K.L.:
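Have a look at this one before I ask anything.
This one's a predicted model, so the numbers in the text were calculated from it and none came from an experiment.
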Amino acid sequence: MSTPALPSLLGTFAHLKLSLLRNGLRQSSGRKAVYITSLVLTALFAALELIGLIALRGNEHAAALTVPLAVLLALGWAFVPLFFPGGDETLDASKLVMLPLRPTPLVAALMTASLIGIGPAFTLILFVGSVIATAHGVAAAVIGVVGAVLALLLCLALARAVATANARLLTSRKGREMALLSGLIIAVGLQFVNLGMAKLNTLHLARLEPLADVLRWVPPGSALDAVRAAGEGSYGLAAGELALSAAVLAAVLWWWQRSLATVMVSADASTISPDASRKDAGRASDKGAGLAGLLPDGRTGAVMLRSLRYLSRDPKTRMAWVSALVIGLVVPAVNAAQGNGSIYFAFFATTVLGMHNYNQFGQDGSAFWMVLQTISSPRDAYAELRSRALAVALIAVPYTTLVVIVSAAITDDWRDMPMVWGLCLALVGALFATAATTSVRYPYSIPQEGAFKNVAPGQNGIAWGGMLLGALVSAALCTPLIVAAVWLHSAGATGLLWALVPAGAGYGLLIAWAGLRFAAPRVAGRLPEILAAVSKG
């Protein structure tokens, strides 16, 4: 079967993109409401950005902003689709492998389909605003039209080429883990973007000139800088910058075409030989045996190994913990860079990490029935809870110590370091105590589908209520040690503050032990209810 004519293929793929959008909105009223809301908010934001860029017209340093903006947009187009592959079903080129299509016309058809959507429209508005801000004269306006089109096509081609090169990854388990990792990257990245914007607001655009001087030779920044060059009469420079952008666009399109050909003819992971799979399983088994050898014997070691394997193998559990670990270190650093640093931000890191243990049985899901078979008395329940707490303590206690030391270093507050360290260790124990109780009283299911669905529908109130109540009770349980710390601090007995470190560790152990003892008989008495709650997803 021959490939359809190019005009017909372009229309077919454009119609396909519109059909995907229309049918997606028909799935539910909620999805339609989200799309309309996104459309309205994006339009409002684009209008504000357009007004701001137009207001820069006549500013001699306007290009110092438009050039970095173009490069930033290109980076976003290149990598954001990897984190949200579900946002555009046509990004997965592997779905087209059974169609009688050649890579060259397919590139043109997919590029046409890429022009349809909120993202391309928003990007084009920003490029148009950039052209208006820097175009002076008829020649600059003409070059601006060409530059804006080149910049938009380069952004879309980058998105397609990178996505196609990683087509296997987008549909694999690693791809799903990457989608989960996006939450972490966005959360951390927004902290640094917020810091950068706060610094930029205090600067004049002239301070961006050194950055723009470098990025004006990085497409699509060069396409936008050609407008400025033409307005200043440097037509040779403008032509060279447009040629550079066009050459890079051609190279990206060639890479995209080669990647499409590879995806359409190469085998995927399902064709891996059984021998290779057995070798991988053998290596994984050896690693498991090594970890098991470091843990206690009996039920304690078995439960700890199971909990640690959840952290290493379950994508949602792992990414939730990694997010908490990284954000707990980033927040104190960002606040210190903004001049609001305090060693007491260590309490935030400890609390965020401890609250991830508030739904211990939810990560088991329907497999909790296997755990249920091993619990026949409060003693068995206590052993289960204690072992889970020990597994988490292997991470929480060293991490808490690290956060306190880092916070003291970046704030240069070594005097209060022992006090905060001791209180954080006590807080860890209190969080373990309340986590055991909330896991019994407020269990909820963690659905397997959806990268960002961590609570089953209808259980959000249970999840948030349990975490809020547990955090408040944990803080209240630390009251005796807090009173002692305040008294020593106000009395100026800085030498005695070091006594709070062992006192906090001992008090945390005592509170954790009491909380586990309190929760154990309730676990034994509520096993069917817990199983029903965690199996809803």
Side-chain angles (χ1 to χ4, degrees), residues 42-78 111-112 114-159 196-197 200-201 203-253:
T42 303
L44 290 175
F45 184 69
L48 292 175
E49 292 294 318
L50 180 61
I51 293 172
L53 289 169
I54 294 176
L56 287 177
R57 183 173 176 80
N59 190 310
E60 60 178 336
H61 302 294
L65 176 63
T66 59
V67 170
L69 176 63
V71 176
L72 181 63
L73 286 172
L75 287 175
W77 273 100
M111 180 65 81
T112 302
S114 300
L115 293 171
I116 302 172
I118 298 177
F122 175 77
T123 305
L124 181 60
I125 290 173
L126 293 187
F127 286 149
V128 169
S130 298
V131 170
I132 295 175
T134 55
H136 300 284
V138 177
V142 173
I143 289 180
V145 173
V146 178
V149 172
L150 274 177
L152 178 62
L153 292 178
L154 181 55
C155 288
L156 298 178
L158 273 174
M197 292 303 295
L200 180 60
N201 289 336
L203 301 176
H204 194 271
L205 285 178
R207 299 291 295 272
L208 293 177
E209 287 290 354
L211 176 64
D213 288 338
V214 175
L215 295 182
R216 71 177 74 254
W217 298 106
V218 179
S222 58
L224 270 295
D225 189 67
V227 183
R228 175 203 60 82
E232 296 176 355
S234 301
Y235 300 114
L237 175 60
E241 289 178 328
L242 285 181
L244 176 61
S245 296
V248 172
L249 174 60
V252 172
L253 291 174

K.L.:
Do the non-hydrogen side-chain atoms of Pro120 and Leu156 ever get within less than 4.5 Å of each other?
P.N.:
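Contact flag for Pro120/Leu156 side chains = yes.
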
K.L.:
Would you please name every residue forming a side-chain hydrogen bond (donor to acceptor under 3.5 Å, both in side chains) with Ser222, sequence neighbours left out?
P.N.:
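By the side-chain hydrogen bond (donor to acceptor under 3.5 Å, both in side chains) rule, Ser222 matches Ser245.
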
K.L.:
Would you confirm whether Arg57, through its side chain, and Ala135, through its main-chain N or O, come within 3.5 Å as a donor-acceptor pair?
P.N.:
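Yes, because the side chain of Arg57 sits within donor-acceptor range (under 3.5 Å) of the backbone of Ala135.
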
K.L.:
Under a 4.5 Å cut-off applied to non-hydrogen side-chain atoms, are Leu253 and Met111 in contact?
P.N.:
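Leu253 reaches Met111 side chain to side chain.
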
K.L.:
Between OG of Ser130 and CD1 of Ile54, what distance do you get to the nearest 0.5 Å?
P.N.:
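Reported to 0.5 Å precision, the distance equals 10.5 Å.
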
K.L.:
How close do Ala157 and Leu249 get, counting heavy atoms only, and between which atoms?
P.N.:
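Reported closest heavy-atom pair: CB-CD1, 3.9 Å.
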
K.L.:
Applying side chain to side chain contact (heavy atoms under 4.5 Å, CB included) between Asp225 and each of Thr66, Val67, Leu244, report the one that passes.
P.N.:
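Exactly one pass, corresponding to Val67.
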
K.L.:
Go through the structure and list residues passing ring pair (Phe, Tyr, Trp, His ring centres under 6.0 Å) with Phe45, not counting sequence neighbours.
P.N.:
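If we apply the ring pair (Phe, Tyr, Trp, His ring centres under 6.0 Å) test to Phe45, skipping adjacent residues, the hits are Phe122.
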
K.L.:
Indicate yes or no: at least one non-hydrogen side-chain atom of Thr134 is less than 4.5 angstrom from one of Leu224.
P.N.:
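No - every pair of side-chain heavy atoms lies 4.5 Å or more apart.
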
K.L.:
Identify the heavy atoms of Glu241 and Arg216 that sit nearest to each other, and give their distance.
P.N.:
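Heavy-atom minimum between the residues: OE2-O, 3.9 Å.
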
K.L.:
Is there side-chain contact between Leu53 and Ile132, with heavy atoms separated by less than 4.5 Å?
P.N.:
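When only atoms from C-beta onward are counted, Ile132 and Leu53 do not touch, as no gap falls below 4.5 Å.
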
K.L.:
Over all heavy atoms of both residues, which pair between Leu50 and Gly129 is shortest? Give the atoms and the distance, please.
P.N.:
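In terms of heavy atoms, the two residues are closest at CD1-CA, 3.5 Å.
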
K.L.:
So which atom in Ala63 and which in Ala212 form the shortest heavy-atom distance, rounded to 0.1 Å?
P.N.:
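Between these two residues, the closest heavy atoms are O-CB, 4.3 Å.
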
K.L.:
Do Val218 and Leu215 have side chains that approach each other closer than 4.5 Å (heavy atoms only, starting at C-beta)?
P.N.:
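Yes, at least one pair of side-chain atoms sits under 4.5 Å.
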
K.L.:
Out of Leu154, Val146, Leu152, which residue meets the side chain to side chain contact (heavy atoms under 4.5 Å, CB included) rule with Leu150?
P.N.:
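Only one option passes, and that is Val146.
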
K.L.:
For the residue pair Ala70 and Pro220, what are the closest heavy atoms and their distance?
P.N.:
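Heavy atoms only, the tightest pair is O-CG, 3.5 Å.
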
K.L.:
Taking all heavy atoms of Val227 and all of Gly144, pick out the closest pair and write down the distance.
P.N.:
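Distance-wise, the nearest heavy atoms are CG2-CA, 3.4 Å.
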
